[in-house]
Amino acid sequence: MSFVLTPKHLEQIEELKGRYPSAHALALPLLWMVQEQEGVITLDAIDCIAPYCDLPSMELYRIATFYTMFHLEPVGTYHIQLCKTLSCALCGKGEILERLQAKLGIKAGETTADGRFTISQVECLGSCGSAPVMQINEEYHENLTPQKIDEILEALE
Amino acid sequence: MSQVTITVDAQDYRVEEGSLLIEVLIQNGIKIPYFCYHEALGADGNCRMCMVEIEGQKRPQIACDTIVKEGMGVRTKGENINGVRQRILELELINHPVDCPVCDQAGECKLQDFYMDYGLYDSHIDMRQKIHGKKHVDLGSNVMLDQERCVLCARCTRFTADVTKTHELGIIGRGDHARVSTMPGRKLENPYAMNVVDLCPVGALTSKDFRFHQRVWFLKSTPSVCHGCAMGCNIFIDHNKAKYKEDTIYRFRPRRNDAVNGHFICDAGRLSYKALQENRQKEFELGGDSCTEQEALEAVKTAILEAQNITILIDANLYNEEIERIIVFASGIGATVLCPSDCYYDESFGDTWLKKPWRAANIEYINRTEIEHRLPEGSVDLLISFNHPSSKTVDSRLKIIFATHQGHKADILLPISLFSESSGSLTNIHGMTQHCEKAVEGEAPDLIRLVDMIEGEL
């Protein structure tokens, strides 16, 4: 096993333990820690964190595959998550996606060859009032138009 | 436990308080469809097939999550509940490929059975809309997965999680894309893995060893006991005699016996049917050349009459009746009967569940007789071996071997039937005596008949 949790995360685990009635409940926070550290959830990391939450690796793998926000394959440096749910869909998510795909030369679900960008379509980001919306890594971009997309991508490049 | 009275389809039943409704229904022979519930794995409540109507409840309830109560009124039949089951079945079948003609489970498939009982609808689903999964995933341990046929009942994953506790299988993904899988690059690998094939109610998990070999409706099932070790797990021998072919065993399946093996058997025992049928000794032989039964029996008689001393080796896999017959025969000709047992002991085979290190089905019966577990001492003039694996390590002037399989060197060689070709009883390591029925019609003669004939000649 080459994966190890950082001292900061180990400290957090100790703190979290007291919050839950059983160690099983640490599964989700632990998977988040792995993703934060590595950007991706590897089997190696799953094997490493399994004892902390007293679950077999298979259970953690199941959880990781169930939630779409956990990545079992590496994503680009900039992970563009475009909302595809009702409000955004009605307010022009389609042309936003088209512009994103045209600018980056990839389709939704793909990563650019240089590993910088990944486009995903996700369910509601909870910001319907400012649709269409996308999230790049941790940051929200609202009231999108194709022109805005050009500006945002250029600012990143 | 106190008893309560419940009414099922207008008939009263006295049942134990606190028991699961589905168990009560199954135990009383009341027809109820289900996928995910299993007597060895308990209820999971995911398949929704076991819906029943309960008086006073607005909606139908699943029987596997209902505890019986005094005065409970249950309906398992009727247009209403059948309609509910039909709709659930249709949901189960949304992404099912309906490839029964090429599916090995056909004939013993719960989906097929329930469709005939409750389905028979015109599907709302166009074949082209179905989500496709992988059709032949080799999970390991001879288990093949067809993701499209799976109903996600989770029996297989619960088996690896709760019974073997090896956790190789899990349901991954979500929604229409949920599927049974191992972790990437890892295999289903435990000595009981093939039980998931029996547990699977549909054709999702099939045995690599059995699939495509035989349609199940051609098979005859004969109750027997596994000879793989001293545990004596109960099995069904599934066999078929095709036209112009020998009666052939196609698989062993576990037969439920809560006192011995529960619902399961180990993979080694399950696959032991193959070696059983290979390299059979079919001919009577004299000095390595084939001869007639009469010539062989004549030679045995002469050898016994001329022998200075006789030692008999007896295989610890023979039936109790055969062992008793040989003991009587031995005392008649003044022979010493031995069963050298070192060759049966394999520490690495044993575990804490069904696999016993004593790899001989009837070692316990030998223990209960006067037969000693040692090799013969001093010089042996005539050795008669009843299929004992150590017969070649014993030096003797003359050797007579009764053998089920080839590979023995003897002056006189007589073929004998397999356990599957005759009936008899076995005493397992816990002292339980169990009966095995004759499954297959074999060519080799029955051991007791041969001994009777030899004794008659003397």
Can you confirm whether more than 12 heavy atoms, excluding those of A/Gln101, are under 6.0 Å from its CD atom? yes
With distance as the sole criterion, is a donor-acceptor pair present between the side chains of A/Glu142 and A/Ser127 under 3.5 Å? yes
Can you confirm whether or not the ring centre of B/Tyr192 sits under 6.0 Å from the ring centre of B/Phe159? no
How about B/Asp209: does its CG atom have over 12 heavy atoms from other parts shown lying under 6.0 Å from it? yes
Can you find a pair of side-chain heavy atoms, one from B/Pro184 and one from A/Leu43, that are under 4.5 Å apart? yes
Is the charged tip of B/Lys110 near the ring of B/Phe35: under 6.0 Å from the six-membered ring centre and within 45° of its axis? no
Should we count NZ of B/Lys187 as having more than 12 external heavy atoms under 6.0 Å? yes
Looking only at the side chains, is there a donor atom on one of B/Arg270 and B/Asn195 sitting less than 3.5 Å from an acceptor on the other? yes
Does anything in residues 80-94 of chain A get under 4.5 Å of chain B by heavy atoms, and if so which residues? none
Could you pull out every donor-acceptor pair under 3.5 Å between side chains of residues 52-61 of chain A and any protein atom, sequence neighbours left out?
unit_1  : atom_1 : unit_2  : atom_2 : d
A/Ser57 : OG     : A/Asp47 : OD1    : 2.7
A/Glu59 : OE2    : A/Arg62 : NH1    : 3.4

Of the listed B/Gly175, B/Ala178, B/Gly173, the one with the largest count of heavy-atom pairs under 4.5 Å with chain A is B/Gly173
Going by distance alone, is a donor N or O of one side chain under 3.5 Å from an acceptor N or O of the other, for B/Ser348 and B/Asp346? yes
Sort B/Thr182 into side chain, backbone, both or neither according to what part of it lies under 4.5 angstrom from a heavy atom of chain A. backbone
If only side-chain N and O atoms count, and only distance matters, is there a donor-acceptor pair under 3.5 Å linking A/Asp44 with A/Ser2? yes
A/Ile46 and B/Met183, any side-chain heavy atoms less than 4.5 Å apart: yes
Neighbour count above 12 (heavy atom, 6.0 Å) for B/His124 NE2: no
Do we see a donor-acceptor contact under 3.5 Å between the side chains of A/His141 and A/Gln135? no
Do any of residues 135-156 of chain B come closer than 4.5 Å to chain A, heavy atom to heavy atom, and if so which ones, in number order? none
Contact part of A/Ile63 toward chain B, heavy-atom cut-off under 4.5 Å: side chain, backbone, both or neither? neither
So which residues of residues 66-77 of chain A are in contact with chain B at a heavy-atom cut-off of under 4.5 Å? A/Phe66, A/Tyr67, A/Thr68
